[in-house]
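Some notes on the structure that comes next.
Letters A, B, ... are given to chains in the order of the sequence lines, protein chains preceding strands, and every chain is numbered from 1. In this text the structure is predicted, and so the values were computed from the model without any measurement.
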There are 2 protein chains.
Amino acid sequence: MLTDRQLLILRAIIDDYIQTAQPVGSRTLSKRDDLTFSSATIRNDMADLEDMGLIEKPHTSAGRIPSEIGYRYYVDHLVEKQIIDERETGRLEERLKQSSKESEILIRQAADLLSDLTNYTTVALGPNSQMETLARVDFMPLDERRGVVLIVTDQGHVEHRTVMFESRVAPDVIEETIRLLNDRLVGTSIGQLKVRIGEEVAKLQLAQRQQYENMMQLIQSTVGIQTPSSLYLGGKKKIFNQPEFQTLDTLRPFLEWIDEQERLTHWLESLPNREIYVSIGSENGIVALQNCSVITSDYTLDGKTFGTIAMIGPTRMDYRHGVQMMGQIIEALRRTKLDK
Amino acid sequence: MLTDRQLLILRAIIDDYIQTAQPVGSRTLSKRDDLTFSSATIRNDMADLEDMGLIEKPHTSAGRIPSEIGYRYYVDHLVEKQIIDERETGRLEERLKQSSKESEILIRQAADLLSDLTNYTTVALGPNSQMETLARVDFMPLDERRGVVLIVTDQGHVEHRTVMFESRVAPDVIEETIRLLNDRLVGTSIGQLKVRIGEEVAKLQLAQRQQYENMMQLIQSTVGIQTPSSLYLGGKKKIFNQPEFQTLDTLRPFLEWIDEQERLTHWLESLPNREIYVSIGSENGIVALQNCSVITSDYTLDGKTFGTIAMIGPTRMDYRHGVQMMGQIIEALRRTKLDK
DNA sequence: TATTAGCACTCATATTTAACGAGTGCTAAT
DNA sequence: ATTAGCACTCGTTAAATATGAGTGCTAATA
């Protein structure tokens with residue numbers, strides 16, 4: 001167990017290191033107003049903290065830096081649970097409102113805002129349309145051989161796909177196909193749509209099948225194309241300002257990783273958390289993010305579960321401020337009304 | 001005017017430097033099979049070439065490197081006009097075909113292909129929908145207060161926008177509005193659509209105006225949102241392998257610049273060229289691309305003018321190969337048929 | 001018993017110095 | 001006109017040295 005003084009020292013080391021990115025020495029600490037002990041005393045406590053694995057030294061004659069365990073302790077015990085600052089949240093909400101009431105734009109704006117607030121790179125993932133369900137299918141002919149299939153989801157999202165027929169299709173066949181699809185498929189999740197259409201085709205009577213099979217398979221094939229969840233990166237440049245990313249060895253893996261949209265999306269979708277969660281250094285298990293910490297949270301927009309937002313910075317990130325800002329942003333998003 | 005030998009030497013210097021990224025010395029050159037002169041002779045010619053501004057030395061005791069003027073001379077006089085290699089073009093065409101027949105995906109694929117072929121970063125810009133013209137407007141109600149506006153262009157592209165009414169609108173008013181818009185606006189370029197709708201509203205009779213103004217203004221406001229031309233970056237990572245981008249000073253401006261999608265789009269759209277064009281070093285006028293050269297070309301897909309594709313590498317890029325590959329790709333694209 | 005002053009020791013970093021060698025420009029010989 | 005020869009330049013590398021921040025330990029102090 002840690003003594004009060006050790007706690008004070010640990011906290012001071014981390015706070016200082018977060019600010020300066022430099023190993024912290026005992027003399028520097030003893031000069032702080034909140035540490036009234038001599039450097040020798042502090043050295044003794046530091047040795048203990050090091051034995052406990054909370055801090056470490058890069059080399060003999062350097063000061064100490066927090067270890068991952070140290071950061072973990074700091075985040076779990078020394079970062080107060082988020083207190084929503086009403087004034088600040090209101091201001092954020094205001095800024096979000098200004099931009100637009102379209103969800104896509106709102107999310108981008110939120111990511112940018114969070115990045116500006118913290119100076120870290122952010123990633124925002126929109127709703128995964130695979131999870132939404134079909135509210136309605138419709139068809140609009142363009143010319144003899146082409147038309148647009150419209151898919152409307154329960155969340156009010158609309159997708160369109162142009163389809164082309166092999167040969168001319170009678171209007172009433174089209175009409176009937178659409179009626180059929182609406183009758184039987186409303187409520188199906190978008191992700192399952194393809195499979196379900198296949199099932200419906202199988203169920204058709206022989207007579208019907210000749211008529212509708214072609215058309216339905218056509219729709220099936222276009223519907224099957226996954227619409228990837230919308231992903232937005234905020235403040236990618238911010239990484240260039242971080243002292244730990246001033247060499248190619250550290251910068252390159254990060255940039256290469258962050259640019260892989262697909263992998264990024266999967267990663268965000270795989271995160272199990274609902275509320276704000278902090279992953280420190282190697283905890284996240286991603287080699288390219290070894291020296292990074294991530295604050296993630298699911299967010300809701302207009303009351304509905306919507307997506308995931310993440311903040312990525314060096315392990316030496318300002319956890320207190322980061323958690324605070326993340327809380328403010330998701331609260332502001334929660335309060336924001338969408339029109340639809 | 002250059003003597004034959006000087007020409008030979010200039011070419012050798014540039015070829016060598018392009019490959020090694022190291023200043024080329026007279027002794028190295030004299031050992032080449034195609035240069036039979038002594039190093040002293042070569043030195044004399046090098047001095048002349050330097051006087052003419054075609055090559056320069058980083059410092060006294062280094063070899064020579066090409067100057068921008070040298071590269072320009074090389075590109076203009078020493079890079080043979082592209083000869084389409086039928087076999088190779090066929091192979092590229094094949095690979096393009098495989099991926100998809102959708103233009104969006106084809107363009108991505110082309111950018112990736114070109115990047116893999118050359119090991120440089122590529123940018124492909126899709127068609128600018130602002131230039132296409134309206135072929136048809138349609139409307140599909142979703143519920144009492146919402147509906148989807150469909151916009152079809154002459155090129156067969158479809159866009160949709162969800163609109164929301166302040167209050168319930170009678171179906172026949174909607175129908176009539178759409179008829180009106182179709183009657184009067186078909187053929188208008190998408191970019192002008194917003195202005196043109198405004199003009200039409202102004203022309204309405206007082207009686208009509210009450211009915212349609214709201215609806216038309218609603219459509220106007222949603223139509224006004226610019227759909228940016230689709231932009232695709234291929235092989236962004238490639239830059240990390242270039243020796244001239246191994247320091248943050250050079251890498252950072254490049255990456256920051258390339259990540260600004262909007263600026264990039266404008267830049268590509270502003271390029272006046274139709275056929276393959278090479279811009280060397282500072283010629284492009286972009287500070288962040290001081291040390292880069294760019295090979296750009298407009299391309300056609302399925303015979304129609306479509307967009308612009310660019311290849312960005314260090315000034316010391318393999319112009320011959322780059323121009324060659326660019327030629328192959330745009331030829332392959334030209335031959336690729338789209339279904340629509 | 002807990003704290004602090006004092007001091008020898010460690011080790012990354014910065015500075016200096018010297019050696020190296022690739023490449024040049026010039027001159028004189030071919 | 002070409003080439004061999006040679007003194008000279010200057011960036012790069014390596015070794016030698018100095019600097020100083022910070023530590024751990026011991027002994028003195030409250």
Side-chain angles (χ1 to χ4, degrees), chain A residues 1-10 12-14 16-17 19-67 70 243-244 246-247 249-250, chain B residues 1-10 12-14 16-17 19-32 34-67 70 243-244 246-247 249:
Chain A
M1 204 45 216
L2 293 180
T3 66
D4 284 354
R5 195 176 57 206
Q6 286 170 340
L7 215 62
L8 218 54
I9 290 173
L10 175 61
I13 290 173
I14 300 186
D16 199 281
Y17 184 67
Q19 257 216 309
T20 65
Q22 297 297 326
V24 199
S26 53
R27 227 179 91 76
T28 315
L29 286 176
S30 74
K31 274 186 287 192
R32 285 176 62 125
D33 290 345
D34 53 341
L35 280 287
T36 56
F37 328 102
S38 77
S39 65
T41 311
I42 293 175
R43 272 202 294 285
N44 289 331
D45 278 335
M46 280 166 107
D48 293 344
L49 289 171
E50 188 172 357
D51 286 342
M52 288 182 261
L54 293 165
I55 57 179
E56 52 198 21
K57 40 184 173 200
H59 59 264
T60 336
S61 69
R64 303 302 214 291
I65 62 174
S67 70
E244 29 271 280
Q246 296 300 310
T247 79
D249 297 340
T250 49
Chain B
M1 204 44 217
L2 292 180
T3 66
D4 284 354
R5 195 177 58 208
Q6 286 170 340
L7 216 61
L8 218 55
I9 290 173
L10 175 61
I13 290 173
I14 300 186
D16 200 282
Y17 184 67
Q19 257 214 309
T20 64
Q22 296 297 326
V24 196
S26 54
R27 225 178 93 76
T28 315
L29 286 176
S30 74
K31 275 186 288 191
R32 286 176 63 125
D34 54 341
L35 280 285
T36 56
F37 328 101
S38 78
S39 64
T41 311
I42 293 175
R43 273 203 291 285
N44 289 332
D45 277 334
M46 280 166 108
D48 292 345
L49 289 171
E50 188 172 357
D51 285 344
M52 288 182 262
L54 293 165
I55 58 178
E56 51 198 22
K57 39 183 176 201
H59 58 264
T60 334
S61 70
R64 304 301 214 290
I65 61 175
S67 69
E244 28 272 278
Q246 296 300 312
T247 78
D249 296 341

Could you give the [atom1]-to-[atom2] distance, from [X] to [N], as a whole number of Å?
{"X": "A/D48", "N": "C/dA2", "atom1": "CG", "atom2": "C1'", "result": "13 Å"}
{"X": "B/L29", "N": "D/dT2", "atom1": "CG", "atom2": "C1'", "result": "17 Å"}
{"X": "B/I42", "N": "D/dT3", "atom1": "CD1", "atom2": "P", "result": "9 Å"}
{"X": "A/Q22", "N": "C/dA12", "atom1": "CD", "atom2": "C1'", "result": "12 Å"}
{"X": "B/F37", "N": "D/dA1", "atom1": "CZ", "atom2": "C1'", "result": "12 Å"}
{"X": "B/D4", "N": "D/dT2", "atom1": "CG", "atom2": "P", "result": "12 Å"}

Problem - Which nucleotides of DNA chain C pair, in dot-bracket form (Watson-Crick or G-U under 3.5 Å, | meaning another strand) - result: ||||||||||||||||||||||||||||||
Are there any protein N/O atoms within less than 3.5 Å of an N/O atom in nucleotides 22-29 of chain D, and if so, which ones and at what distance?
residue, atom, partner, partner atom, Å
D/dG22, O4', A/S61, O, 3.1
D/dG22, O3', A/A62, O, 3.1
D/dT23, OP1, A/R64, NH1, 3.3
D/dT23, OP2, A/S26, N, 3.2
D/dT23, OP2, A/S26, OG, 2.7
D/dT23, O3', A/K57, NZ, 3.2
D/dG24, OP1, A/K57, NZ, 2.8
D/dG24, OP1, A/R64, NH2, 3.2
D/dG24, N7, A/R43, NE, 3.1
D/dG24, O6, A/R43, NH2, 3.2

Is the shortest side-chain heavy-atom distance between [X] and [Y] below 4.5 Å?
{"X": "A/D16", "Y": "A/R32", "answer": "yes"}
{"X": "B/T28", "Y": "B/Q22", "answer": "no"}
{"X": "A/D4", "Y": "A/L8", "answer": "no"}
{"X": "A/S30", "Y": "A/L35", "answer": "no"}
{"X": "B/L2", "Y": "B/L54", "answer": "yes"}

Exercise for the section: Answer yes or no: is there a donor N or O on one side and an acceptor on the other, between the side chain of B/S26 and the main chain of B/I42, under 3.5 Å? Expected result: no
Practice task
Mind listing the closest non-hydrogen atom pair of B/A12 and B/L29 along with its distance?
Solution key: CB-CD2, 3.8 Å
Handout entry: Upstream residue (5' side of DNA chain D) when B/P58 and B/S38 are each assigned their closest nucleotide
Key = B/S38
Practice task
Please list all pairs passing the side chain to side chain donor-acceptor pair (under 3.5 Å) test where one or both residues lie in residues 48-57 of chain A, with sequence neighbours left out.
Solution key: A/Q6-A/D48, A/E50-A/R64
